[in-house]
Peer 1: 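A single structure is presented below for examination.
Just so it is clear: chains get the letters A, B, ... in the order the sequence lines come, proteins before strands, and each one is counted from 1. Please read all numbers here as calculations on a predicted model, not as lab measurements. Heavy atoms only: backbone and side chains are in, while hydrogens, waters and symmetry mates are out.
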Protein chains: 2
Amino acid sequence: MTSRAPGRRVRKAPAERRSEIVATAARIGLTEGLECVTLRRVADELGVQPGLVGHYFPAADELVAEAFTHATMRELDGLLPPDSDGPLHTFRRFFGLTSSAEFDDVSKLWLNARHLSRYRPVLREHVMKQELLWCRRLEELIAAGTATGVFACADPWGAAIRVLVAIDGASAYVNTSADRRGTPAADMPRTVAESELGLRRGTLLAS
Amino acid sequence: MTSRAPGRRVRKAPAERRSEIVATAARIGLTEGLECVTLRRVADELGVQPGLVGHYFPAADELVAEAFTHATMRELDGLLPPDSDGPLHTFRRFFGLTSSAEFDDVSKLWLNARHLSRYRPVLREHVMKQELLWCRRLEELIAAGTATGVFACADPWGAAIRVLVAIDGASAYVNTSADRRGTPAADMPRTVAESELGLRRGTLLAS
DNA sequence: TGCTTTATTGGTCGCCCACTCAATAGCATT
DNA sequence: AATGCTATTGAGTGGGCGACCAATAAAGCA
């Protein structure tokens, strides 16, 4: 990919280089898994020496953690854009996206990160932050819809949690039984949401 | 732990040694994680040379996969014993166990295995088999309860899937937010089950 | 009792990893 | 055009891993 003549140096501003490294690490983590985010692998991708990546991230754990955060923040913004046209439409779009095959990499990333958190404290902190962030964004959406009377929900926070639990549960099978996309498990997140928001069955199906 | 004088050999029947290895690997996988199931680690635990474990498992992947299967089969038998005193009682016991801290290691193991399945085809096959097995056992229980009129469920298979999805979703947080055991997420598996089986709220609470 | 079988040892090899650090060269400043 | 700062190189260390294999000794059999 990004290759240069050996020995050739490209000197960049630290901030730029750093974000370049994080972005690359995030892409690797999302598509190939967080265990592939190594100093060497990222350096290869960028066409630099491993030592350089090590210079910006003296502890590799930090790089993995930032890669995860970078990737999930991007995804969240794509899934629940802050400026949206109405809670109902946003929700439909949300479930359309999360139930499609394009979301598989994101499911894999969360599964990956949640397991890896067992061994990597730094990553664990980042994962917990993102869990909270995703939940809050969902809660806000539910609260907004409830305020305008589109949804009927007495406990937006609890509803957000339960919807996310359903999504996490359904996506737990992404590495083993991803082909069963038509199974009862695939519909569960949406039906849970419809029930939590006081909507008729099928209301949140993509339009 | 299990230590012998260096050089001392204990010769066992192949079948015995093999199952000894699998049992040890399963224990390590359950308590420390499947990535700790290495030829060296298992050999140390048994007080033998790594080469011996390699002799019984020429491919390490096979050992990891068998360790997982061994551990989950044990757990399933403890959770849903074949000879039980009534579907209702069995279900109460099931949720009592799965929502306790003792179940955390099992949650971690499933999370671990599902993620690792991304890279290890042999493990993936074993995980898929166990997913099917757990679901079938749950389905049988639901079907039995429906037959005797204790439960009201039109689709035992779908109900089993949805209950397991709820459990998997709730236990996804085991490595990051395990302390939130009182959260809405913790109750979800049970309430989903009560709803699926046509039971009143709280019916499945441990007695 | 001696012989054969084979379970087990004990080492080697190559691979990939994070981490360290002195030397080097790109860039901005003067 | 010379200088100073520092981003970057390049090589090395040590550790863990799976895989491989000839030599060895324990156990069953003649």
Peer 1: With side chain to side chain donor-acceptor pair (under 3.5 Å) as the test, would you mind laying out the steps for B:Gln49 and B:His55 before giving the verdict?
Peer 2: CA-CA 10 Å; B:Gln49 294 293 324; B:His55 172 70; over 6 Å; no
Peer 1: Quick one: bend of the helix from C:dG2-D:dC29 to C:dT30-D:dA1 from 5 pairs per end, to 10°?
Peer 2: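 Here the local axes at opposite ends form an angle of 0°.
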Peer 1: Would you call A:Asp77 and A:Arg137 a salt bridge, using N to O less than 4.0 angstrom?
Peer 2: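 So A:Asp77 pairs with A:Arg137 through a salt bridge.
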Peer 1: Rounded off to whole Å, could you give me the CD-to-C1' distance for the B:Glu35 and C:dC16 pair?
Peer 2: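 In whole Å, C:dC16 C1' lies 16 Å from B:Glu35 CD.
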Peer 1: B:Gln49 has an atom CD; how far is it from atom P of C:dT12, in whole Å?
Peer 2: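 After rounding, the reported distance stands at 13 Å.
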Peer 1: Does B:Asp187 offer a backbone N or O that forms a donor-acceptor pair with the side chain of B:Thr191 under 3.5 Å?
Peer 2: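 Checking the backbone N and O of B:Asp187 against the side chain of B:Thr191, a donor-acceptor pair under 3.5 Å is found.
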Peer 1: By a strict heavy-atom criterion of less than 4.0 Å, which residues belonging to residues 119-127 of chain A are in contact with DNA chain D?
Peer 2: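 When residues 119-127 of chain A is checked for heavy atoms under 4.0 Å from DNA chain D, there are no hits whatsoever.
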Peer 1: Between CD1 of B:Ile28 and OG1 of B:Thr31, what distance do you get to the nearest 0.5 Å?
Peer 2: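 It is 7.0 Å, given to the nearest 0.5 Å.
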Peer 1: Tell me if a side-chain donor or acceptor on B:Asn175 pairs with a main-chain N or O of A:Arg114 at a distance below 3.5 Å.
Peer 2: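 Looks like yes, one N/O pair under 3.5 Å.
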Peer 1: Figure out the CG/C1' separation between B:Asp44 and C:dT9, and round it to whole Å.
Peer 2: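 Taking CG of B:Asp44 and C1' of C:dT9, I get 14 Å after rounding.
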Peer 1: Do B:Tyr173 and A:Asp168 pass the side chain to side chain donor-acceptor pair (under 3.5 Å) test, and can you show the C-alpha distance, the side-chain angles, and the key distance before you say yes or no?
Peer 2: CA-CA 9 Å; B:Tyr173 302 81; A:Asp168 291 326; 2.4 Å; yes
Peer 1: List in numerical order all residues of residues 8-24 of chain A for which some heavy atom is under 4.0 Å away from an atom belonging to DNA chain D.
Peer 2: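 Of all residues in residues 8-24 of chain A, the ones placing a heavy atom under 4.0 Å from DNA chain D are A:Arg9, A:Val10, A:Arg11, A:Lys12, A:Pro14, A:Arg17.
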Peer 1: How many Å lie between CG on B:Leu39 and P on C:dG14, as a whole number?
Peer 2: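 Result: 19 Å.
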Peer 1: So, using salt bridge (Lys or Arg N to Asp or Glu O under 4.0 Å) as the criterion, who are the partners of A:Arg17 when residues are at least two apart?
Peer 2: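 Partners of A:Arg17 by the salt bridge (Lys or Arg N to Asp or Glu O under 4.0 Å) criterion, ordered by chain and then number, come out as A:Glu20.
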Peer 1: Main chain of A:Leu34, side chain of A:Asn112: is a donor-acceptor contact present, judged purely on distance under 3.5 Å?
Peer 2: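 Judged by distance alone, yes, a pair lies under 3.5 Å.
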Peer 1: Against A:Phe95, only a single residue in A:Val163, A:Leu79, A:Thr90 fulfils side-chain contact (heavy atoms from CB on, under 4.5 Å); can you say which?
Peer 2: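 The residue from A:Val163, A:Leu79, A:Thr90 that satisfies side-chain contact (heavy atoms from CB on, under 4.5 Å) with A:Phe95 turns out to be A:Val163.
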Peer 1: Name the pairs: protein N/O against N/O of nucleotides 12-14 of chain D, kept only if under 3.5 Å.
Peer 2:
none

Peer 1: Kindly indicate, with the supporting measurements, whether the criterion side chain to side chain donor-acceptor pair (under 3.5 Å) is fulfilled by B:His126 and B:Glu131.
Peer 2: CA-CA 9 Å; B:His126 283 237; B:Glu131 282 172 350; over 6 Å; no
Peer 1: Main chain of B:Leu204, side chain of B:Glu194: is a donor-acceptor contact present, judged purely on distance under 3.5 Å?
Peer 2: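 A pair under 3.5 Å: yes.
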Peer 1: Could you tell me whether A:Arg41 and A:Glu45 have a side-chain N and a carboxylate O separated by less than 4.0 Å?
Peer 2: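 Answer for the salt bridge query: yes.
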Peer 1: Which residues within residues 52-65 of chain A lie with some heavy atom under 4.0 Å of an atom in DNA chain C?
Peer 2: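 Within this stretch, A:Pro58, A:Ala59, A:Ala60 sit under 4.0 Å of the strand.
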Peer 1: Using modelled atom types and a 3.5 Å cut-off, is there a donor and acceptor pairing between side-chain atoms of B:Arg92 and backbone atoms of B:Thr203?
Peer 2: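 Side chain of B:Arg92 to backbone of B:Thr203: a pair is present.
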Peer 1: Using a strict threshold of under 4.0 Å (side-chain N to carboxylate O), is an ion pair present between B:Arg18 and B:Glu66?
Peer 2: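 Yes, this pair counts.
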Peer 1: How close or far is atom C1' of C:dA18 from atom CG of A:Leu34, stated in whole angstroms?
Peer 2: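 The answer, rounded to whole Å, is 17 Å.
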Peer 1: Would you say the rings of B:Phe103 and B:Trp110 are close, in the sense that their centroids are separated by under 6.0 Å?
Peer 2: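 Ring centroids of B:Trp110 and B:Phe103 are no less than 6.0 Å from each other.
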